[in-house]
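Below is one structure, written out as structure tokens, with a few remarks after it.
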Amino acid sequence: MHVAIIMDGNGRWASRRGLPRSAGHVEGAKTVCAVVAAAARAGIETLTLHAFSAANWARPPAEIDALMHLFRRFFVAETPRCVERSIRIDVIGRRDRLGKGLLSAIERSELLSAAGSRMHLRIVLDYSSRDSIVQAAARADRIATLAPEDFYRLLDEVNHCALSAAPVDLLIRTGGEKRLSDFMLWEVAYAELHFTDCLWPDFDEQRLQIALDDYANRQRRFGALTARTG
Ligand code: IPE
Ligand code: IPE
Ligand code: MG
């Protein structure tokens, strides 16, 4: 089972408390740690977490700095815990615009956690699905007859994804917005969508379970007349 989450609502969580937006991101990072542990307990095989979109570079530099600092801290602090729990970390997205310190923390996390087999944790950073599709399409003329699986491989290649993941089964978006915001447009083709008003810092194991229960009650037909598994 592949669950992807658009972790939205950190800024509003902070604003409602009269705090700077960066305080929401700090709280959101704590939620990431809790949800990673909860997802592993729930037996989820692949967890993809959207942390920063290519469009998020349009935010004020101070907010971007705070986020980049948090990302680096996350990789440094969480890698040993992930290794301990056999969780493999992969980072999806562009890498050429990330700072050197963050980049080396990412490479270290990926290397140290590469043997993890309990859960595949994919952190999405500096990512645009449309840009990825355009880049993959530009590489596609190398392949004579292109099957969807080949295109998946090309998408993995442009996003530096070391280990391919199955298509997304369940996409959760917190924060109340009902849109995809240029996230995994190809990969969610047949995903079940779960939108919740809960702001990301308030998301927890119980809310993850609610989303999983919602998913379990869906009938996936993939165009046929009876339920299918994929
Ligand atoms: C999601 O929360 C985190 C990132 C996009 C990095 P937001 O920062 O978008 O929070 P809201 O949507 O403004 O509340
Ligand atoms: C999507 O949230 C990106 C992440 C959660 C990392 P945004 O807050 O950037 O999306 P929009 O601007 O509301 O579409
Ligand atoms: Mg937002």
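Just so it is clear, the values below take in all heavy atoms, side chains as well, and ignore hydrogens, waters and symmetry mates. Just so you know, ligand 1 is whichever comes first in the structure, and atom 1 is the first atom listed for that ligand.
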Tell me yes or no: between the side chains of S181 and R173, is some donor less than 3.5 Å from an acceptor? yes

Going by the order shown, which atoms of ligand 2 are within less than 4.0 Å of some heavy atom of R179? 11 (P), 13 (O), 14 (O)

Does the plane of the ring in Y190 sit parallel, tilted or perpendicular to the ring in F222? Use 30° and 60° as the thresholds. tilted

Quick one: nearest non-hydrogen protein atom to atom 5 (C) of ligand 2, plus distance? M7 O, 3.3 Å

On a heavy-atom basis, I'd like to know which of I5, I6, N10 is closest to atom 1 (C) of ligand 2. I6

Determine, using heavy atoms of R21 and all atoms of ligand 1, whether some pair is separated by less than 4.0 Å. yes

What part of L199, side chain from CB on, backbone N/CA/C/O, both or neither, has a heavy atom under 4.0 Å from ligand 1? neither

Any idea which atoms of ligand 1 are less than 4.0 Å away from a heavy-atom of R12? 11 (P), 12 (O), 14 (O)

One finds that the ligand 1 atoms under 4.0 Å from a non-hydrogen atom of H25 are 3 (C), 8 (O)

Protein heavy atom at shortest distance from atom 10 (O) of ligand 1: G11 N, 2.9 Å

Check ligand 2 against D8 and write out every atom of the ligand that is under 4.0 Å from a heavy-atom position of the residue. 2 (O), 8 (O)

Under 3.5 Å side-chain donor-acceptor pair for Q209 and D213: yes

Whether D204 and R207 form a salt bridge (side-chain N of Lys/Arg under 4.0 Å from carboxylate O of Asp/Glu) is what I want to check. yes

Heavy atom of the protein closest to atom 4 (C) of ligand 2 (residue, atom name, distance): H50 CD2, 3.8 Å

Atom of D8 closest to the Mg ion (ligand 3), considering N, O or S atoms: OD1

CE of M119 to CZ of R85: how many Å apart, nearest 0.5 Å? 8.0 Å

Which atoms form the tightest heavy-atom contact between A42 and L212, and what is the distance? CB-CD1, 4.0 Å

So which heavy atom in the protein is nearest atom 7 (P) of ligand 2, and how far is it from that ligand atom? R59 NH2, 3.8 Å

Nearest to atom 9 (O) of ligand 2, what protein heavy atom do you find, and at what distance? N56 ND2, 2.9 Å

Tell me whether the guanidinium CZ or amine NZ of R16 lies under 6.0 angstrom from the six-membered ring centre of W13 and within 45° of its axis. no

Kindly compute the distance separating CD1 (I133) from CG (L154), expressed to the nearest 0.5 Å. 12.0 Å

With heavy atoms of F52 as the reference, note each atom of ligand 2 found under 4.0 Å away. 6 (C)

Has G175 got any heavy atom lying under 4.0 angstrom from an atom of ligand 1? no

Below 30° counts as parallel, above 60° as perpendicular, anything between as tilted: where do the rings of H50 and F183 land? parallel

Within reach of ligand 2, part of A51 (heavy-atom separation under 4.0 Å): backbone

So if I apply the side-chain hydrogen bond (donor to acceptor under 3.5 Å, both in side chains) rule between D182 and each of S132, S53, S128, which one comes out positive? S128

Measure across L47 and I5 and return the closest heavy-atom pair with its distance rounded to 0.1 Å. CD1-CD1, 4.1 Å

Atom 14 (O) of ligand 2: which protein heavy atom is closest, and how many Å away? S181 OG, 2.6 Å

